[in-house]
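Below is one structure, written out as structure tokens, with a few remarks after it.
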Amino acid sequence: MIHFTKDGLDKALAQKGLLMVDFWADWCGPCKMLAPLVENLDKEYEGRVTVGKVNVDDEQELAIRYGVMSIPTVIFFKDGKEIDRKVGVMPPQVFTQVLDENA
């Protein structure tokens, strides 16, 4: 699991492939509920999808750049372009559907 800073996310977005980024914060209860799912997806899709997290308290500039108004927000990027986003805690199938269709 990659914990992105601004520079790290910019480098990841410059690469080809699928990227899933969880925008979260330590104080966010729903974020803590979603964290195990994100960790499982990181393992399940290892080698096919890059999965990372952005702490919005530490990386406010990234939250602003991507218009993250509520957390948790998971944004999916393919070849550097946003292709989907999910806001809030959702069942695993919601995330795996996006990953399976684009990986």
Side-chain angles (χ1 to χ4, degrees):
M1 177 79 54
I2 302 166
H3 292 268
F4 286 118
T5 60
K6 178 186 171 297
D7 290 340
L9 183 57
D10 288 344
K11 287 177 187 169
L13 288 168
Q15 305 296 313
K16 293 283 184 202
L18 190 58
L19 176 63
M20 176 178 148
V21 182
D22 174 23
F23 288 80
W24 69 286
D26 286 325
W27 49 264
C28 168
C31 298
K32 291 178 183 178
M33 291 171 52
L34 188 64
L37 169 64
V38 173
E39 289 168 15
N40 288 341
L41 292 173
D42 182 39
K43 292 175 187 148
E44 185 178 338
Y45 289 86
E46 187 174 356
R48 296 185 291 154
V49 178
T50 301
V51 179
K53 297 173 83 71
V54 171
N55 183 321
V56 296
D57 288 336
D58 296 339
E59 300 293 333
Q60 293 178 7
E61 184 180 327
L62 288 175
I64 293 167
R65 181 195 302 175
Y66 293 104
V68 174
M69 304 298 283
S70 300
I71 53 174
T73 292
V74 176
I75 303 179
F76 299 87
F77 299 92
K78 186 164 188 176
D79 300 335
K81 305 263 189 273
E82 181 177 334
I83 57 168
D84 204 345
R85 82 170 47 201
K86 306 295 180 196
V87 179
V89 177
M90 297 183 181
Q93 309 87 288
V94 172
F95 301 97
T96 57
Q97 181 179 355
V98 176
L99 296 174
D100 290 341
E101 288 174 359
N102 294 283

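Every heavy atom of this structure was used, including side-chain atoms; hydrogens, water molecules and symmetry mates were not. These numbers come from a predicted model, not from an experiment.
Pairing each heavy atom of N55 with each of A25, the nearest pair is OD1-CA, 4.2 Å. Smallest separation of non-hydrogen atoms from A12 and F4: CB-CE2, 3.7 Å. Between P72 and C31, the shortest heavy-atom distance links the atoms N-SG, 3.7 Å. Smallest separation of non-hydrogen atoms from K6 and E59: N-OE1, 3.2 Å. Of all heavy-atom pairs between L37 and M90, the closest is CD2-O, 3.9 Å.
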Check against side chain to side chain contact (heavy atoms under 4.5 Å, CB included), W27 and D57
CA-CA 10 Å; W27 49 264; D57 288 336; 2.8 Å; yes
Please report the C-alpha distance between D100 and Y45 in whole Å, then the side-chain angles of each, then the deciding distance to 0.1 Å, and finally whether the side chain to side chain contact (heavy atoms under 4.5 Å, CB included) criterion is met.
CA-CA 9 Å; D100 290 341; Y45 289 86; 2.6 Å; yes
Intermediate values then yes/no, side chain to side chain contact (heavy atoms under 4.5 Å, CB included), T73 and V56:
CA-CA 10 Å; T73 292; V56 296; over 6 Å; no
V98 and K86: CA distance, side-chain angles, deciding distance, side chain to side chain contact (heavy atoms under 4.5 Å, CB included) verdict
CA-CA 10 Å; V98 176; K86 306 295 180 196; 3.8 Å; yes
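Taking the side chain as every heavy atom from C-beta outward, R65 and D10 approach each other to under 4.5 Å. Side-chain atoms of F23 and V54, non-hydrogen and from C-beta on, do get closer than 4.5 Å to each other.
One finds the CG atom of L18 at 11.0 Å from the CD atom of E101 (value rounded to the nearest 0.5 Å). Rounded to the nearest 0.5 angstrom, T96 OG1 and E44 CD are separated by 7.0 Å. Put simply, CG on L19 and CD1 on I2 are 7.5 Å apart, with the number rounded to the nearest 0.5 Å. Rounding to the nearest 0.5 Å places CD of E39 at 6.0 Å from NZ of K43. Atom CE of residue M20 and atom CG of residue L41 lie 4.5 Å apart, to the nearest 0.5 angstrom.
Looking only at distances, a side-chain donor or acceptor of D79 sits under 3.5 Å from a matching main-chain atom of G17. Judged by distance alone, with hydrogens and angles left aside, the side-chain atoms of K78 form a donor-acceptor pair with the main-chain N or O of N102 at under 3.5 Å.
Criterion: ILVMFWY side-chain heavy atoms under 4.5 Å apart, direct or through other members. Under it, V51 and L34 are part of a common hydrophobic cluster. If you chain together hydrophobic residues whose side chains sit under 4.5 Å apart, V49 and L13 never meet in one group. Cluster membership check: V89 does not share its hydrophobic cluster with I71, using side-chain heavy-atom separations under 4.5 Å among Ile, Leu, Val, Met, Phe, Trp and Tyr. When the side chains of ILVMFWY residues are joined at heavy-atom separations under 4.5 Å, either directly or via intervening members, M1 and V21 end up in two distinct hydrophobic clusters.
Residues near I64 contribute nothing to a hydrophobic cluster around it, because no ILVMFWY side-chain heavy atom sits closer than 4.5 Å to its side chain.
For the salt bridge (Lys or Arg N to Asp or Glu O under 4.0 Å) test with K53, the passing option among D58, D22, D42, D26 is D22; the others fail.
When the shell of 6.0 Å around CD of Q60 is examined, it contains 12 or fewer heavy atoms from other residues, nucleotides or ligands.
Sorted by first and then second residue, the ring-ring contact (aromatic ring centres under 6.0 Å, His included) pairs with a member in residues 75-103 read Y66-F77; sequence neighbours excluded.
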